[in-house]
2 protein chains.
Amino acid sequence: MSPQERRAPLNRDRVLAEAVTLADEIGIDALSMRRLAQELGVVPMALYKHVANKDDLLDGMVDVVIAELTEPPADVSWQDAVRHRVLSARAAVQRHAWARRAIESRTRRTPTVLAHMDAVTGGFLAGGCSADLTHHLMHALGNRIWGFSPELFDAPADPDAPGPDAETAAAAMAEMGRRYPHILAIATAATGGDLGQVGAGCDEDFEFVFALDLLLDAAERLRRGGWTRGGSPAASENR
Amino acid sequence: MSPQERRAPLNRDRVLAEAVTLADEIGIDALSMRRLAQELGVVPMALYKHVANKDDLLDGMVDVVIAELTEPPADVSWQDAVRHRVLSARAAVQRHAWARRAIESRTRRTPTVLAHMDAVTGGFLAGGCSADLTHHLMHALGNRIWGFSPELFDAPADPDAPGPDAETAAAAMAEMGRRYPHILAIATAATGGDLGQVGAGCDEDFEFVFALDLLLDAAERLRRGGWTRGGSPAASENR
DNA sequence: AACCAAAGGTGTACGTCGTACACCTCCTGT
DNA sequence: ACAGGAGGTGTACGACGTACACCTTTGGTT
């Protein structure tokens with residue numbers, strides 16, 4: 001073959017970029033070193049010249065996603081600054097459905113990961129939260145700083161599965177209501193009482209923002225109250 | 001061999017019980033069908049007479065853990081009832097370190113899983129939260145209803161790894177502070193200013209209860225304010 | 001007493017995975 | 001002209017989950 005049609009040599013960035021788009025297409029479970037190599041027109045072992053192993057690959061892919069995050073404008077309240085960073089992370093995670101599980105399973109903290117955590121932390125501190133309070137608020141936010149929270153009710157939603165007929169569905173719903181009346185109650189409420197829509201799932205965006213604002217409101221209340229660990233004006237008026 | 005020393009026949013419960021204790025010992029990653037079979041003195045394929053496949057095994061193991069949860073006393077406030085259920089889940093998950101990841105990765109909702117979700121939901125409803133509010137609060141709680149929340153800063157903590165000497169550690173810490181000043185600030189606050197302890201990790205129990213009570217307090221405030229979706233007296237005074 | 005269908009357990013085999021290791025083949029700087 | 005390294009190859013190993021055909025023991029029916 002002539003030299004000019006020879007493939008440009010790989011490098012780490014090209015490997016990571018292809019891994020990300022491939023995972024976008026086929027999902028994280030189907031992404032194997034072999035499959036990725038094939039997509040790059042290369043033998044599997046060639047990848048190991050650019051990533052240490054599959055864990056390293058996954059770390060790198062997460063870094064690529066985090067690189068998509070954006071900075072908040074300079075002139076907003078501290079809550080909105082934090083809010084921006086978190087929602088920006090959420091948008092990135094939604095563009096890459098696999099990223100959620102990848103972030104959850106990664107234990108190694110790459111510099112990129114630490115940088116995002118540092119930025120969110122900085123948002124609380126800049127707003128006047130004490131270092132101690134900020135620490136606990138970061139824990140309270142939890143995975144929400146990555147733009148997701150556990151999707152409690154999300155349907156496995158296999159679109160290929162044959163849908164049950166209406167009669168069967170109604171029977172299943174009745175049985176569900178008998179066994180788990182409370183779940184049925186809130187599921188029904190979510191659809192404004194339309195029972196036929198109960199299986200349709202929740203408005204994840206609304207739920208996410210609801211919880212996020214709940215926490216930011218609580219944060220602002222504690223900050224104003226001068227929260228300190230142990231005794232505080234605002235917290236734990238229950239129990 | 002004589003008949004009386006022949007192994008008692010397996011059944012699903014014995015398989016699940018052994019899987020749970022084995023996972024407690026060697027971790028969920030090292031738990032393979034082959035290893036589990038060996039532990040039961042049986043050939044790998046024998047397990048498939050009692051569980052459909054590995055996913056089914058994992059589902060069953062999660063059910064075993066959930067069976068350890070306890071009911072709250074009857075005469076407590078609704079917040080304490082929810083609190084009891086959640087902390088009871090937390091205790092169970094702490095007894096089985098692998099359960100966290102197993103619960104996170106399971107997508108199928110077994111009856112046991114649904115029962116727990118129904119019970120927590122019922123706690124909010126019994127306290128007088130509307131079905132709609134309860135729905136959103138469940139989402140806000142997220143994985144906390146399973147007794148864990150993402151451990152943001154938890155150290156990979158490989159005890160076998162050779163500890164760096166004090167000098168190297170101090171240099172790493174200085175570099176850390178230069179790159180991620182905000183993280184360093186809150187990490188230092190968590191140890192009362194003792195820099196040597198910064199790597200030691202957080203008091204996860206405190207963090208968990210802090211976030212839990214934050215949410216329960218917010219819930220009670222919204223309930224009292226008669227929260228409804230859209231416009232409400234209490235929520236979203238920021239932004 | 002004779003029988004037969006399950007239920008429980010075995011053995012072999014296949015395809016897939018991550019990756020260790022030895023090797024080759026260019027390109028680049030001296 | 002040459003050495004060395006970076007990039008790519010080929011083969012191979014030991015896991016893994018599990019399909020499939022087979023054997024053995026047992027309990028109920030005739």
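Throughout, protein chains are lettered first and strands after them, A, B, ... in sequence-line order, and every chain is numbered starting at 1. All values below come from the heavy atoms of this structure, side chains included, with hydrogens, waters and symmetry mates left out.
- When ring centroids are compared, B/His136 and A/Phe206 come within the 6.0 Å threshold.
- The side chain of B/His50 places no N or O atom within less than 4.0 Å of a non-bridging phosphate oxygen (OP1 or OP2) of C/dA7.
- Side-chain atoms of A/His182 come within 3.5 Å of backbone atoms of B/Asp118 as a donor-acceptor pair (strictly under, hydrogens ignored).
- For A/Tyr48, the listed nucleotide lying nearest its side chain is C/dG18; candidates were C/dG18, D/dG10, D/dG17.
- Protein atom CG of B/Leu57 is 14 Å distant from nucleotide atom C1' of D/dT18, rounded to whole Å.
- Judged by the 6.0 Å and 45° rule, A/Arg90 forms no cation-pi pair with A/Phe148.
- Between A/Arg101 and A/Glu104 there is no salt bridge, since no side-chain nitrogen of the basic residue lies less than 4.0 Å from a carboxylate oxygen of the acidic one.
- Between the CG atom of A/Asn53 and the P atom of C/dC17 there is a distance of 17 Å, rounded to whole Å.
- In this structure, A/Leu47 places its CG atom 12 Å from C1' of D/dG7, rounding to the nearest Å.
- Residue A/Arg34 contributes atom CZ, which lies 15 Å from atom P of D/dT9 at whole-angstrom precision.
- Applying the 3.5 Å distance criterion, the base of D/dG8 shares a donor-acceptor pair with the side chain of A/Lys49.
- Rounded to whole Å, the distance from CG on A/Leu31 to C1' on C/dG18 is 13 Å.
- The CD1 atom of A/Ile26 sits 14 Å away from the C1' atom of C/dT16 (whole-angstrom rounding).
- When heavy atoms are screened at a 4.0 angstrom cut-off, A/Met45 is found touching base atoms of the nucleic acid.
- Looking at which nucleotide of DNA chain C each of B/Pro44 and A/Asp55 is closest to, the 5′-most match is held by B/Pro44.
- B/Met33 places its CE atom 14 Å from the P atom of C/dT10, with the value rounded to the nearest Å.
- Ion pairing between A/Arg12 and A/Asp56 holds under the 4.0 Å rule for side-chain N and carboxylate O.
- Closest contact between the side chain of A/Val42 and the listed nucleotides D/dT18, C/dG9, D/dT9 involves D/dT9.
- Rounded to whole Å, atom P of D/dG8 lies 17 Å from atom CD of A/Gln38.
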